[in-house]
Undergrad: 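Next up is a structure, given as structure tokens.
We use all heavy atoms of the structure for the numbers below, so side chains are in, but hydrogens, waters and symmetry mates are not.
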Amino acid sequence: MIRLLLADDQNLVRTALAALLDLEEDFEVVAQVARGDEVVAAALRSEPDVALLDIEMPGMDGLAAAAAITHELPACRLIMLTAFGRAGYLRRAMEAGASGFLVKDAPGEQLADTVRRVARGERVVDPALAAATLAGGASPLTGRERDVLVAARDGATVADIAGKLFLSEGTVRNYLSAAIAKTCARNRVEALRTADERGWL
């Protein structure tokens with residue numbers, strides 16, 4: 001029996017996934033959470049063999065949750081689920097310890113096959129996405145530049161970003177300028193859009 005943890009902030013998606021996976025005789029869904037910052041505690045309580053994590057969740061994104069599970073419960077295998085097959089996401093997911101990467105519109109039988117293969121210790125990634133990741137190269141953004149861009153979402157001012165990240169306003173401007181240059185954008189809105197589309201955030 002393969003014990004599964006599901007993490008997705010969309011209740012309908014999560015319950016549908018649980019129902020679909022419970023149809024398989026060798027699967028048992030032992031935990032479900034809606035927030036990234038609930039993943040590690042649920043994993044430590046339920047000791048799943050495989051955790052299926054949405055990338056975009058409140059509290060903590062799935063990539064950070066994956067890294068935390070890898071640290072706290074290294075025997076648990078990880079599959080990242082996303083609505084977006086972005087090459088940058090795949091690279092970051094693998095760095096966080098994920099063994100599988102699947103887009104949410106994949107057929108149900110592909111999901112079940114991926115779970116079984118990952119549980120056996122295999123790495124499972126869509127070949128087209130893997131090729132795009134290799135062709136695209138690594139993100140040019142540093143961790144701090146990424147943090148500043150993420151904090152700039154929703155139109156935050158330089159002062160807002162500085163307060164949130166405990167940086168000076170001048171330092172925030174420098175990080176924003178570097179991110180704009182590295183994404184070949186004209187302003188931070190374009191830089192944010194480009195970085196988001198490439199999965200660098």
Undergrad: Please report the shortest heavy-atom distance between Glu38 and Ala34, naming the atom on each side.
TA: OE1-N, 3.6 Å

Undergrad: Atom CZ in Arg77, atom OG1 in Thr70: separation rounded to 0.5 Å?
TA: 10.5 Å

Undergrad: Using a strict threshold of under 4.0 Å (side-chain N to carboxylate O), is an ion pair present between Asp147 and Arg144?
TA: yes

Undergrad: If you count heavy atoms of other groups shown closer than 6.0 angstrom to CG of Leu23, is the number above 12?
TA: yes

Undergrad: Could you please spell out the steps behind the salt bridge (charged side-chain N to carboxylate O under 4.0 Å, His left out) verdict for Asp160 and Lys164?
TA: CA-CA 6 Å; Asp160 293 336; Lys164 183 176 181 180; over 6 Å; no

Undergrad: Decide yes or no on side-chain contact (heavy atoms from CB on, under 4.5 Å) for Gln110 and Asp113, but give the supporting numbers first.
TA: CA-CA 5 Å; Gln110 186 178 349; Asp113 179 61; 5.6 Å; no

Undergrad: Cluster question for you: counting only ILVMFWY and a side-chain heavy-atom cut-off of under 4.5 Å, with indirect links fine, are Ile79 and Val103 together?
TA: no

Undergrad: Same hydrophobic cluster for Val39 and Val29, using side-chain heavy-atom links shorter than 4.5 Å among ILVMFWY?
TA: no

Undergrad: Can you check side-chain contact (heavy atoms from CB on, under 4.5 Å) on Glu56 and Thr82, steps first, answer last?
TA: CA-CA 8 Å; Glu56 295 180 4; Thr82 181; 5.7 Å; no

Undergrad: Heavy-atom count check: over 12 atoms from other residues, nucleotides or ligands less than 6.0 Å from Glu169 CD?
TA: yes

Undergrad: Once you round to the nearest 0.5 Å, how far does CG of Leu21 lie from CG of Leu111?
TA: 5.0 Å

Undergrad: Transitively linked via ILVMFWY side-chain contacts under 4.5 Å: Leu78 with Val115?
TA: no

Undergrad: To the closest 0.5 Å, what do you measure between CG (Leu192) and CG (Leu149)?
TA: 5.5 Å

Undergrad: Please walk me through it: do Trp200 and Thr183 pass side-chain contact (heavy atoms from CB on, under 4.5 Å)?
TA: CA-CA 10 Å; Trp200 293 342; Thr183 55; 4.0 Å; yes

Undergrad: Can you find a pair of side-chain heavy atoms, one from Leu17 and one from Leu52, that are under 4.5 Å apart?
TA: no

Undergrad: Mind checking whether Leu53 and Leu5 have side chains closer than 4.5 Å, heavy atoms only?
TA: yes

Undergrad: Tell me the closest heavy-atom pair linking Leu141 and Ala195, and the distance in Å.
TA: CD1-CB, 4.0 Å

Undergrad: Say you draw a straight line from CG of Asp61 to CZ of Arg35; how long is it, rounded to the nearest 0.5 Å?
TA: 12.5 Å

Undergrad: With rounding to the nearest 0.5 angstrom, report the CZ to CZ distance, Arg173 to Arg188.
TA: 10.0 Å

Undergrad: Is there a path of hydrophobic side-chain contacts, each under 4.5 Å between heavy atoms of I/L/V/M/F/W/Y residues, joining Val30 to Val40?
TA: no

Undergrad: Is it true that Asp54 and Arg14 make a salt bridge, defined as a side-chain N closer than 4.0 Å to a carboxylate O?
TA: no

Undergrad: When rounded to the nearest 0.5 angstrom, what is the spacing between CZ in Phe27 and CG in Leu20?
TA: 9.0 Å

Undergrad: side-chain contact (heavy atoms from CB on, under 4.5 Å) between Leu165 and Thr171: does it pass, once the steps are laid out?
TA: CA-CA 10 Å; Leu165 299 178; Thr171 300; over 6 Å; no

Undergrad: Might you point out which heavy atoms bring Glu145 and Pro140 nearest each other, and give the distance in Å?
TA: OE1-O, 4.1 Å

Undergrad: Which atom pair, heavy atoms only, marks the closest approach of Ala191 to Ala179?
TA: CB-O, 4.2 Å

Undergrad: Could you tell me if the side chain of Leu73 sits less than 4.5 Å from the side chain of Leu44, heavy atoms only?
TA: yes

Undergrad: Are Val33 and Met57 side-chain neighbours, meaning at least one heavy-atom pair lies under 4.5 Å?
TA: no

Undergrad: Is Met94 linked to Val118 within one hydrophobic cluster, defined over Ile, Leu, Val, Met, Phe, Trp and Tyr using a side-chain heavy-atom separation of less than 4.5 Å?
TA: no

Undergrad: I need the minimum non-hydrogen distance between Ala18 and Gln32, along with the two atoms involved.
TA: CB-NE2, 3.5 Å

Undergrad: Provide the closest heavy-atom pair for Gly36 versus Ala65 in the form atom of the first, atom of the second, distance.
TA: O-CB, 3.8 Å

